[in-house]
Amino acid sequence: MKSVSLFALLLLLLTSCQQTDELATPAESQKIGQRSQSARVFKATLQSSVNADPSIPLTQCSGDLPNFGIPDHFLAGQATHMGQLNPVMSTLHHDNCNLSFTTMTLTADVSGQLTASNGDVVYYSGEDVINVFNLLTGAGTTGTINGNWTITGGTGRFEDASGTFTINGMVDFVTGAFSAEAAGTITY
C-alpha cells in the first residue's frame, strides 16, 4: 500500500511537471515578454523657444520673400503618457518652408522629438501652417499656427510608437516662439 501511494505521488508530480512544460512553450514565453500595443488619447501643451545656437543655420524658405529663414526650436510643456517634457531635449526642426504673400501663410515641414523627463522619446514629423497676415500687413504681432504631426517611433516605452495629433496655437512674431495645444492618439 505504501509503495502504491508513493507511486501515485510520483505519477502526480511527473504529470504536473509535464503540464508546466507544456504551458511554457517557447511561443507563449515570447508572448509574455512582448508589450501589448494599444491606441491611447494623446494631449499636450507645448511652448516653444527659439534655439539661438549660432552653429545651427536658419532653414531658408522658398516663396515670395528671398533670404527669409526660420530657426529651430526647443519645446517645453506637459504631455499625457510622458509627463513634463525635457525643455532642452524636446526639439522642433524645420525641414523646409514656404512663405506665400498670396495666401498669407508660412508652411513648414517639421520633424523632431518630445522627450520625457525620464529620457523616453517620441519622434514626430509633420506640417505646420502659420497665418502671417498680421506680420505682413503690420496689423499685429501674432498669428495662428495649425499643424498635423505623425508619431514615427520612439525609445524606451515608446519604442515602435505610432499615431497622429494636431497642434493649434499662436505664434508671437516678436520672439518667434509659439504656444499650442496638441490632441490626437498614440499607440505604444
Side-chain angles (χ1 to χ4, degrees), residues 41-63 65-100 104-158 161 163-186 188:
V41 171
F42 179 81
K43 292 185 178 185
T45 57
L46 303 172
Q47 298 86 37
S48 82
S49 60
V50 171
N51 183 342
D53 183 343
S55 68
I56 300 174
L58 299 177
T59 299
Q60 296 300 309
C61 296
S62 60
L65 188 59
N67 300 316
F68 179 74
I70 53 178
D72 286 355
H73 290 250
F74 293 115
L75 299 173
Q78 183 94 13
T80 54
H81 315 289
M82 300 185 82
Q84 196 72 29
L85 297 177
N86 181 318
V88 176
M89 301 301 296
S90 298
T91 60
L92 179 141
H93 172 70
H94 294 97
D95 300 317
N96 60 59
C97 52
N98 181 282
L99 178 64
S100 170
M104 297 284 188
T105 58
L106 171 67
T107 57
D109 290 328
V110 298
S111 60
Q113 65 185 40
L114 301 175
T115 306
S117 58
N118 72 352
D120 289 352
V121 174
V122 169
Y123 298 111
Y124 68 87
S125 63
E127 181 184 64
D128 292 341
V129 178
I130 300 168
N131 182 326
V132 292
F133 176 84
N134 288 344
L135 176 66
L136 295 177
T137 63
T141 60
T142 62
T144 59
I145 181 171
N146 299 293
N148 292 302
W149 294 5
T150 299
I151 297 170
T152 59
T155 66
R157 69 178 168 175
F158 301 113
T164 59
F165 58 96
T166 59
I167 67 157
N168 297 290
M170 296 296 290
V171 175
D172 180 336
F173 297 127
V174 175
T175 65
F178 70 88
S179 60
E181 297 290 324
T185 60
I186 183 171
Y188 68 96

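- Every residue meeting the side-chain hydrogen bond (donor to acceptor under 3.5 Å, both in side chains) condition with D53, not counting sequence neighbours, appears here in chain and number order: S55.
- Sparse packing is recorded around CE of M89, with 12 or fewer heavy atoms of other residues, nucleotides or ligands lying under 6.0 Å away.
- A pairwise comparison of heavy atoms in Y123 and Q113 identifies CE2-OE1, 3.4 Å as the closest pair.
- Between L114 and L46, the closest side-chain pair of non-hydrogen atoms falls below 4.5 Å.
- Checking side-chain atoms of H81 against main-chain N and O of V41 turns up a donor-acceptor pair under 3.5 Å.
- The two residues F173 and G143 make their nearest non-hydrogen contact at CE1-N, 3.5 Å.
- Distance alone, capped at 3.5 Å, is enough to place a donor-acceptor pair between the S62 side chain and the C97 backbone.
- For I151 against T185, the heavy-atom pair with the smallest separation is CD1-O, 3.9 Å.
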Could you go through residues 67-74 and list every donor-acceptor pair under 3.5 Å that involves a side-chain atom there, pairing it with any protein atom two or more places apart or in another chain?
residue	atom	partner	partner atom	Å
D72	OD1	H93	ND1	2.9
D72	OD1	H94	N	3.4
D72	OD2	H93	ND1	3.0
H73	ND1	S48	OG	3.0

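- For the side chain to side chain contact (heavy atoms under 4.5 Å, CB included) criterion with L65, the lone passing option out of V132, L106, L99, L136 is L99.
- Atoms OG and CG, from S111 and L92 in turn, are 7.5 Å apart once rounded to the nearest 0.5 Å.
- Smallest separation of non-hydrogen atoms from F165 and A182: CD1-CB, 3.7 Å.
- Put simply, the residue from T150, N148, D109 that forms a side chain to side chain contact (heavy atoms under 4.5 Å, CB included) with E127 is D109.
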*Please assess F178 against L75 for the test side chain to side chain contact (heavy atoms under 4.5 Å, CB included), listing each intermediate value before the final yes or no.*
CA-CA 9 Å; F178 70 88; L75 299 173; 3.8 Å; yes

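- A distance of 8.0 Å separates OG1 in T105 from CG in N131, rounded to the nearest 0.5 Å.
- Atoms OG1 and CG, on T107 and N146 in that order, are 12.5 Å from each other to the nearest 0.5 Å.
- With rounding to the nearest 0.5 angstrom, the CD1 atom of I145 is 10.5 Å from the CE atom of M170.
- The nearest pair of heavy atoms linking C61 to N98 is CB-N, 4.3 Å.
- The main-chain N or O of G77 is never found under 3.5 Å from a side-chain atom of T45 such that the two would form a donor-acceptor pair.
- Note that the CG atom of N134 and the OG1 atom of T141 stand 8.0 Å from one another [nearest 0.5 Å].
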*Report the C-alpha distance between E181 and I167 in whole Å, list the side-chain angles of each, state the deciding distance to 0.1 Å, and finish with yes or no for side chain to side chain contact (heavy atoms under 4.5 Å, CB included).*
CA-CA 5 Å; E181 297 290 324; I167 67 157; over 6 Å; no

_side chain to side chain contact (heavy atoms under 4.5 Å, CB included) assessment of T164 paired with F42_ = CA-CA 9 Å; T164 59; F42 179 81; over 6 Å; no

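- Taking each heavy atom of D172 and T142 in turn, the nearest pair found is CA-CG2, 4.5 Å.
- To the nearest 0.5 angstrom, T115 atom OG1 is 8.0 Å from L85 atom CG.
- Side-chain contact between V122 and I186 is present, with at least one heavy-atom pair separated by less than 4.5 Å.
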